[in-house]
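Keep in mind that what you see is a predicted model, and the values were worked out from it rather than measured. Computed from heavy atoms alone, side chains included, the values below leave out hydrogens, waters and symmetry copies.
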Amino acid sequence: LDHHKRWDYLAAQRPDVYIANSRNVAGQLERYYNRTADSILFPFVDLDRFKPVKTRDDYVLVLGRLEPYKRADLVLEACAKLGWPVKVGGSGSWLERYRQQYRRYPNIEFLRRVPEDQLPSLYAHANVFVFPAEEDAGITPLEAMASGCPVLAYGKGGALESIRAGVSGEFFFEQSADGVARALSNFDWKGYTPTRIRDQARQFDMPHFKTTLVKVVHQVLQIH
């Protein structure tokens, strides 16, 4: 193991330029490789694909790969306790496990993999999108915000860089089912304005991403 760590560290010193997809990842570069990120290029969202709607439906949304580290279980358990309707989009190795575990709860709906053309409507009609995992960056919160849907996220990782508390969502800091249930109970989704939420996502739109990427490429060409 030590041999692999040394090889990995040495290999990490070879690139001329590092682009991190968040300040969170830039910190990891410094911590593990003693390298400073030359640029921060957060993932983009295609704003033209997502639009707010005038009326929402009454459901909580969680979306992504159903794997243990994604922590969808926290949202499922919280909604099971609260009795709140929740739509679960995505597939993964734990899909059937979750379906069996929560088969007695009519308020929990498993959508499996959601077709791309149905995602915008699914986001836009949700009361709140829950992002329960610690991620390097996170694209799904951007898609939710572009749809005018407020985000309730675990307060670590890249979510801290994309979500603005009180404007486009809120954070919870206890990564447990009880922590999510308390946060949902205290979450006033009616206090969020879809257009303001979408404005927060605007700084992560595709044109901004392209402009920044072109600047980074020019910097690399100048090095050589």
Side-chain angles (χ1 to χ4, degrees), residues 43-67 69-80 82-99 101-103 105-133 135 137-154 158-159 162-164 167-172 180-181 183-184 187-202 204-206:
F44 66 84
V45 61
D46 184 357
L47 281 175
D48 291 337
R49 232 185 112 208
F50 302 93
K51 295 284 191 300
V53 293
K54 292 183 179 180
T55 58
R56 296 190 180 115
D57 295 334
D58 184 25
Y59 64 86
V60 174
L61 177 64
V62 59
L63 184 70
R65 292 284 300 170
L66 297 180
E67 304 294 345
Y69 77 96
K70 291 291 191 178
R71 302 315 313 264
D73 59 302
L74 303 182
V75 187
L76 294 172
E77 189 62 26
C79 288
L82 295 171
W84 288 15
V86 56
K87 293 182 183 290
V88 186
S91 59
S93 64
W94 277 39
L95 171 60
E96 291 307 318
R97 181 193 295 248
Y98 290 150
R99 289 186 66 211
Q101 184 176 353
Y102 294 100
R103 65 183 184 276
Y105 294 88
N107 59 306
I108 298 178
E109 181 183 1
F110 291 94
L111 305 175
R112 298 181 179 270
R113 185 182 179 280
V114 181
E116 290 293 320
D117 62 341
Q118 295 178 19
L119 278 175
S121 177
L122 187 65
Y123 279 122
H125 285 90
N127 281 342
V128 57
F129 175 73
V130 186
F131 191 63
E135 299 277 7
I139 296 175
T140 50
L142 296 181
E143 294 179 340
M145 290 188 294
S147 306
C149 177
V151 181
L152 178 63
Y154 180 47
S162 60
I163 300 162
R164 186 178 172 190
V167 174
S168 63
E170 295 293 343
F171 299 102
F172 63 93
V180 173
L184 282 172
F187 194 89
D188 180 19
W189 63 268
K190 293 181 180 179
Y192 292 85
T193 306
T195 52
R196 290 191 70 200
I197 297 172
R198 182 174 166 84
D199 284 342
Q200 175 63 17
R202 197 175 298 280
F204 303 98
D205 64 6
M206 191 183 299

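In this structure, the separation between NE2 on His125 and OG1 on Thr55 is 5.5 Å, given to the nearest 0.5 Å. To the nearest 0.5 Å, atoms SG (Cys149) and CH2 (Trp189) are separated by 10.0 Å. Atoms CD and OG, from Glu67 and Ser93 in turn, are 3.0 Å apart once rounded to the nearest 0.5 Å. Atoms CZ and CE, on Phe129 and Met145 in that order, are 10.0 Å from each other to the nearest 0.5 Å. Put simply, NZ on Lys87 and OH on Tyr59 are 6.0 Å apart, with the number rounded to the nearest 0.5 Å.
Taking each heavy atom of Ala80 and Tyr102 in turn, the nearest pair found is CB-CE2, 4.1 Å. When all heavy atoms are compared, the tightest approach of Pro141 to Val151 is O-CG2, 3.9 Å. Looking at every heavy atom in both residues, Gly138 comes nearest to Phe131 through CA-CZ, 4.0 Å. Here the closest heavy-atom approach between residue Leu63 and residue Thr140 is recorded as O-CG2, 4.3 Å. The two atoms that bring Ala201 and Ala146 nearest to each other are CB-N, 3.7 Å, heavy atoms only. Minimum interatomic distance between Pro150 and Ile197 (heavy atoms only, all atoms of both residues): N-CD1, 3.6 Å.
Side chain of Gln200 to backbone of Ser162: a donor-acceptor contact under 3.5 angstrom is found. The main-chain N or O of Asp48 is found under 3.5 Å from a side-chain atom of Asp46 such that the two form a donor-acceptor pair. Side-chain N or O atoms of Arg198 include one that pairs as donor or acceptor with a backbone N or O of Leu47 at under 3.5 Å.
Residues Leu61 and Val130 are not in side-chain contact: their nearest non-hydrogen atoms beyond the backbone lie 4.5 Å or more apart. Annotation: side chain of Pro43 is not in contact with side chain of Phe204 (no heavy-atom distance under 4.5 Å). Side-chain contact check for Leu95 versus Arg112: some heavy-atom pair is nearer than 4.5 Å. Within the 4.5 Å cutoff, no side-chain heavy atoms of Arg196 are placed close to those of Ser168. Proximity of Leu184 to Val128: side-chain heavy atoms (C-beta onward) are separated by under 4.5 Å at one or more points. Proximity of Val88 to Val86: side-chain heavy atoms (C-beta onward) are separated by under 4.5 Å at one or more points.
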**Message:** One pair to check against side chain to side chain contact (heavy atoms under 4.5 Å, CB included): Val60 and Asn127. What are the steps and the verdict?
**Reply:** CA-CA 6 Å; Val60 174; Asn127 281 342; 5.8 Å; no
**Message:** Checking Val45 against Ile139 for the side chain to side chain contact (heavy atoms under 4.5 Å, CB included) test, could you report, in this order, the C-alpha distance in whole Å, the side-chain angles of both residues, the deciding distance, and whether it holds?
**Reply:** CA-CA 7 Å; Val45 61; Ile139 296 175; 5.8 Å; no
**Message:** Determine whether Leu122 and Val114 satisfy the following criterion, side chain to side chain contact (heavy atoms under 4.5 Å, CB included), listing intermediate values before the conclusion.
**Reply:** CA-CA 9 Å; Leu122 187 65; Val114 181; 3.9 Å; yes
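Within the structure, salt bridge (Lys or Arg N to Asp or Glu O under 4.0 Å) pairs that include any residue of residues 113-126 comprise Arg49-Glu116 (at least two apart or interchain).
Salt-bridge check for Glu96 with Arg99: passed, with a basic side-chain N closer than 4.0 Å to an acidic carboxylate O. Here Glu109 does not pair with Arg103 in a salt bridge; the nearest charged N to carboxylate O distance is not below 4.0 Å. Classification of Arg202 and Asp199 as a salt-bridged pair holds, one side-chain N sitting under 4.0 Å from a carboxylate O.
For the 3.5 Å distance criterion, the side chains of Tyr192 and Glu170 qualify, holding a donor opposite an acceptor. Glu135 and Tyr154 are not linked by any side-chain donor-acceptor pair at a separation below 3.5 angstrom, with hydrogens and angles left out of the test.
Annotation: side-chain hydrogen bond (donor to acceptor under 3.5 Å, both in side chains) contacts of Ser91 (sequence neighbours excluded): none.
Atom CZ of Arg56 has more than 12 neighbouring heavy atoms from other residues, nucleotides or ligands inside a 6.0 Å radius.
The aromatic rings of Tyr98 and Trp94 lie perpendicular to each other, with more than 60° between the two planes, well past the 30° mark.
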